[in-house]
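Notes follow the structure.
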There are 2 protein chains.
Amino acid sequence: MTKRAARAATLTDVARRAGASTAVVSYVMNNGPRPVAAATRERERVLAAAAELNYRPNRVARALRSRTTGVVGLVLADASNPYFGALARHIERALGARDKLTLTGNADYSADRQQDLVERFLAAQVDGLVIVSADGGADVAAEAEAAGVPAVYVHNRPASGHSPVVSADNDAAVHTAVTHLRSHGHDRVAFLAGPHDAGPVGHRRAAWESAVGRTDDTLLRCAYARAAAAALTRDLVARGAMPPALITATDEQAIGVLAGASAAGLSVPGGLAVVSLDGTPDSAHTAPALTVAEQPLRAMARRAVGVLLDGADSASAEAVPPASLIVRRSCGCGSG
Amino acid sequence: MTKRAARAATLTDVARRAGASTAVVSYVMNNGPRPVAAATRERERVLAAAAELNYRPNRVARALRSRTTGVVGLVLADASNPYFGALARHIERALGARDKLTLTGNADYSADRQQDLVERFLAAQVDGLVIVSADGGADVAAEAEAAGVPAVYVHNRPASGHSPVVSADNDAAVHTAVTHLRSHGHDRVAFLAGPHDAGPVGHRRAAWESAVGRTDDTLLRCAYARAAAAALTRDLVARGAMPPALITATDEQAIGVLAGASAAGLSVPGGLAVVSLDGTPDSAHTAPALTVAEQPLRAMARRAVGVLLDGADSASAEAVPPASLIVRRSCGCGSG
DNA sequence: AGGCGCCATGACAGCCGTTTTCACCGCCAC
DNA sequence: GTGGCGGTGAAAACGGCTGTCATGGCGCCT
């Protein structure tokens, strides 16, 4: 057994044991701002003492003194949504690569709860804030800025304000999807948007309009839940109103459409060609597998972290990595 | 514009402005261990001063003095897996209800990285550790215990050690699933396990064996990836070796099986009845919808947080909430 | 009615563990 | 002999909590 968990060893303990001052120990631990003689450092001195005591520097004390915690707050709409989950994982990894810890909170699509989380994170003295919001909400970055904490939005733009935003290039993604479906001979390509035009989905809808020109009967709307998309699909098929080619704003909706089509006896891609715009891991394993314009989540995460930590080099703050088309079966490819 | 972000207001600032001592302000802010006269508290005094200065107590300083950070570390195998994502969300909520913040890290199924995360969290002086590991790894809880930090495993048990564990009742879940499939007239129920018997999946396999008695040709194995399950399914169908009723250890596998069956032209539930054992949100929207023995994620999260924070009341540390059978279509119900 | 002691408040100051400034001390080279 | 210079140590923050002590008013007892 190692010694009882009486109290963790402190820098003072190490210093005493090594017969040096706390300053020297500090210099050794972080290759300090000042040099330390190699002899002092190793030979029967600080390094040895630290090892013997199993010393682990206390980040809280360090944070108090240095006014930087090495912690970044991540406000997430909903970690159980695979799209956000995947994004969160990439953000956490990107942050970890910069030696930051990630404080995560789920806002559950509520603006109030998002606000509350920001408040708590700010009290915890985070070094920065990453906001992944589903539907806007007030610009929490303003509050963060007032506290001197940088903030960046990912995926979605706040309702107002001029905070840095990192999002995929929706125009390019939609254009790619439309072009691909047209190459399958579909001259009319419908679009399944969200219930309203807030957030990235609104931009995607706008991009679609500019790509194909709006025709009222080919703009569909429904909630993001799979069940809603499935119900809409069954209804459209029953009324004979289902267009032959469709782009969905999100994978969730696409999966719902697939489920609805299956239930209604409509074959995909035979009777309906579908392309989605997220590209979550889920999309690879639907039946049939979804063709998607995949969002470069990893690149977005890295860019967001870069913008947050290296200052918003504002010229490039909104630069967007390109979406890539992943061709699977739901568009009509490879199925003869 | 509010005042420049020169420096956040401190308790001392508030005290000075209110004409009181820092002690009094502290007492007011946390309904302190000592009472404060109502007049001092409100009337043109501390509360007013705090509001005017937009004072926000510094959690770092508080943590240093009180030796408790109000932060719990959550080590997750992979946030982009919907099962873990959903679990993470419930854990974060349960912790939030107890006024704790959640430091999240993805181990990406690597024991080394898991170890590294625990190390970092310990240095950050977390008040507790929740470990959601996919495949064991060393018992990191021992290290936490040595540092005086409580830890609890969720979903999976460590390879060794006697740390508290919260997991679903796999025996009951498997039993429920087997019973249900038998009620559909299937006397032989196969089981799709993982590549090896580590972790909860191993327990599920064992539970299945004790429920039906092992028959070699009805124990299947494959990796957890959907693609692997799909490939296995296509292969079995092609060889005419697919059993008529199957329980899968995870939703991911079940979804892969569905995809594989669809590709191979095998109808579900007509030619194959499937029941899965996770019950993630995904399972509700497959085609056909999956019947699952749903794990009570929310209850597991709450129990884990209770065990962690209220001390491992060891008698109940491993008590398990029951899994509930969600009947959908893949088992043969409701499809005629 | 007067004195004593107690309770309710409030103030002071030290402490939590680290970083970092500043001063200091030899020692070597000029 | 003096001016660096590599190395070291004491001590002051950082911001909030809390044990100890001071004070003043009140009630109770005689």
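Reminder, nothing fancy here: chain letters follow the sequence lines and each chain counts from 1.
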message = Does anything in residues 59-73 of chain B form a salt bridge (Lys or Arg N to Asp or Glu O under 4.0 Å)? List the pairs, not counting sequence neighbours.
response = none

query = When you measure from the side chain of A:D127 to the backbone N and O of A:T69, does any donor-acceptor pair fall under 3.5 Å?
reply = yes

ask   = In chain order, what residues pass the side chain to side chain contact (heavy atoms under 4.5 Å, CB included) check against B:L11, with sequence neighbours excluded?
value = B:T22, B:V25, B:S26, B:Y55

remark   = Double-helix bend of the helix from C:dA1-D:dT30 to C:dC30-D:dG1, axes at both ends from 5 pairs, round to 10°, gives 50°

inquiry  = Over all strands shown, is B:A63 touching base, sugar-phosphate only, or nothing at heavy-atom distances under 4.0 angstrom?
reply    = nothing

note = The ring-ring contact (aromatic ring centres under 6.0 Å, His included) partners of B:Y27 (sequence neighbours excluded) come to none

key: Side-chain N,O (B:S26) to OP1/OP2 (D:dC17) below 4.0 Å   = yes

Residue met sooner reading DNA chain C from 5', once B:V36 and A:V24 are mapped to nucleotides = B:V36

message = Rounding to an integer number of Å, can you tell me how far B:M29 CE sits from D:dT18 C1'?
response = 17 Å

request  = Could you tell me which residues satisfy ring-ring contact (aromatic ring centres under 6.0 Å, His included) with A:H90, sequence neighbours excluded, listed by chain and number?
outcome  = none

Contacts of type ring-ring contact (aromatic ring centres under 6.0 Å, His included), residue B:F121, not counting sequence neighbours = none

message = Show me the pairs that pass salt bridge (Lys or Arg N to Asp or Glu O under 4.0 Å) and involve residues 72-88 of chain A, at least two apart or across chains.
response = A:D78-B:R89

ask   = Can you give the first and last nucleotides of DNA chain C, 5' to 3', that have an atom under 4.0 Å from a heavy atom of chain B?
value = C:dT9 to C:dG17

task = Classify every nucleotide of nucleotides 10-15 of chain D by which part a protein heavy atom approaches to under 4.0 Å, writing B for the base, S for the sugar-phosphate alone and - for neither, in 5'-to-3' order.
result = BBBBBB

request  = Apply side-chain hydrogen bond (donor to acceptor under 3.5 Å, both in side chains) to B:Q125 and list each qualifying residue two or more places apart in sequence or on a separate chain.
outcome  = none

ask   = Taking for each residue the nucleotide of DNA chain D bearing the nearest heavy atom, is the 5' side occupied by A:P35 or by B:R56?
value = A:P35

Beyond-backbone contact of A:Y153 with A:D139, side-chain heavy atoms, under 4.5 angstrom = yes

Acceptor/donor pairs from residues 93-102 of chain B side chains to any protein atom, 3.5 angstrom cut, sequence neighbours excluded:
{"from": "B:R93", "atom 1": "NH1", "to": "A:D108", "atom 2": "OD2", "distance (Å)": "2.3"}
{"from": "B:R98", "atom 1": "NH2", "to": "B:D310", "atom 2": "OD1", "distance (Å)": "2.9"}
{"from": "B:D99", "atom 1": "OD1", "to": "A:R120", "atom 2": "NH1", "distance (Å)": "3.3"}

query = Taking only residues two or more places apart in sequence, or in another chain, which ones meet A:A37 in a side chain to side chain contact (heavy atoms under 4.5 Å, CB included)?
reply = A:T40

